[in-house]
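Numbering starts at 1 and runs along the sequence shown.
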Amino acid sequence: QVQLVESGGGLVQAGGSLSVSCAASGGTFSAYAMGWFRQAPGKEREFVAAISWNSGSIYYADSVNGRFTISRDNAKSTVYLQMNSLKPEDTAVYYCAASRMPYGSKNKDLYDYWGQGTQVTVSS
């Protein structure tokens, strides 16, 4: 059983930057692909970014490509999401997730473990 704990959310002005991280425990972190998803009020949870077990494959949603960067440190069992040029529409609860499929996916149904989420609010 893998436990995931996100941290680093908060309030930032539009155009600013924020970094969120997700620490994993209870499993072999390097065996999992990791993903970030987000959910805004009244909307479905949507894909943001994913990274394969060895960082060899990385995927981004079109809406964040070029602004967000996903990375991982297997020695620290942590995955990161650096968010730059933030927009009000990026406001959401951000969730990290782990998938047994080592190369990752944009499909949230293929993720096996989820964190509790961290709030990111971008003011205009």
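- Residues satisfying the side chain to side chain donor-acceptor pair (under 3.5 Å) criterion with Arg100, sequence neighbours excluded, are Asp112, Tyr113.
- Checked by atom type and distance alone, the side chain of Ser99 pairs as donor or acceptor with a backbone atom of Leu110 at under 3.5 Å.
- Rounding to the nearest 0.5 Å gives a distance of 14.0 Å between OG1 of Thr118 and CZ of Arg38.
- A donor atom on one side chain and an acceptor atom on the other are not found under 3.5 Å apart for Asn107 and Ser105.
- Every pair passing side chain to side chain donor-acceptor pair (under 3.5 Å) that includes a residue from residues 8-20 is listed here, sequence neighbours excluded: Ser17-Asn84.
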Let me see the working for Arg72 and Asn74 under side-chain hydrogen bond (donor to acceptor under 3.5 Å, both in side chains), right down to the final yes or no.
-> CA-CA 6 Å; Arg72 66 187 295 161; Asn74 286 346; 2.8 Å; yes
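- Counting heavy atoms from C-beta on, the side chains of Arg67 and Asp90 come closer than 4.5 Å.
- In terms of modelled atom types and a separation under 3.5 Å, the side chain of Ser63 and the main chain of Ala61 share no donor-acceptor contact.
- The ring of Tyr95 has its center no closer than 6.0 angstrom to the ring center of Phe37.
- Between the side chains of Thr91 and Glu89, no donor N or O sits under 3.5 Å from an acceptor N or O.
- Contact check for Lys87 versus Val122: no side-chain heavy atoms found under the 4.5 Å cut-off.
- Within a 6.0 Å sphere centred on CG of Asp109, other residues, nucleotides and ligands contribute more than 12 heavy atoms.
- How far OG1 of Thr69 is from CE of Met83: 11.0 Å, rounded to the nearest 0.5 Å.
- For the pair Tyr103 and Ile51, the minimum side-chain heavy-atom distance is 4.5 Å or more.
- Residues Val20 and Tyr111 do not share a hydrophobic cluster, defined by chaining ILVMFWY side chains whose heavy atoms lie under 4.5 Å apart.
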Audit row: Ile70, Tyr80, side chain to side chain contact (heavy atoms under 4.5 Å, CB included) steps and yes/no | CA-CA 6 Å; Ile70 188 172; Tyr80 307 94; over 6 Å; no
Kindly list each side-chain donor-acceptor pair under 3.5 angstrom involving residues 2-12, sequence neighbours excluded, with atom names and distances?
residue : atom : partner : partner atom : Å
Gln3    : NE2  : Gln1    : O            : 3.3
Glu6    : OE1  : Gln116  : N            : 3.1
Glu6    : OE1  : Gly117  : N            : 2.8
Glu6    : OE2  : Cys96   : N            : 2.9
Glu6    : OE2  : Gly117  : N            : 3.2
Ser7    : OG   : Ser21   : OG           : 3.0

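- Put simply, the side chain of Arg45 reaches to within 4.5 Å of the side chain of Trp114, judged on heavy atoms.
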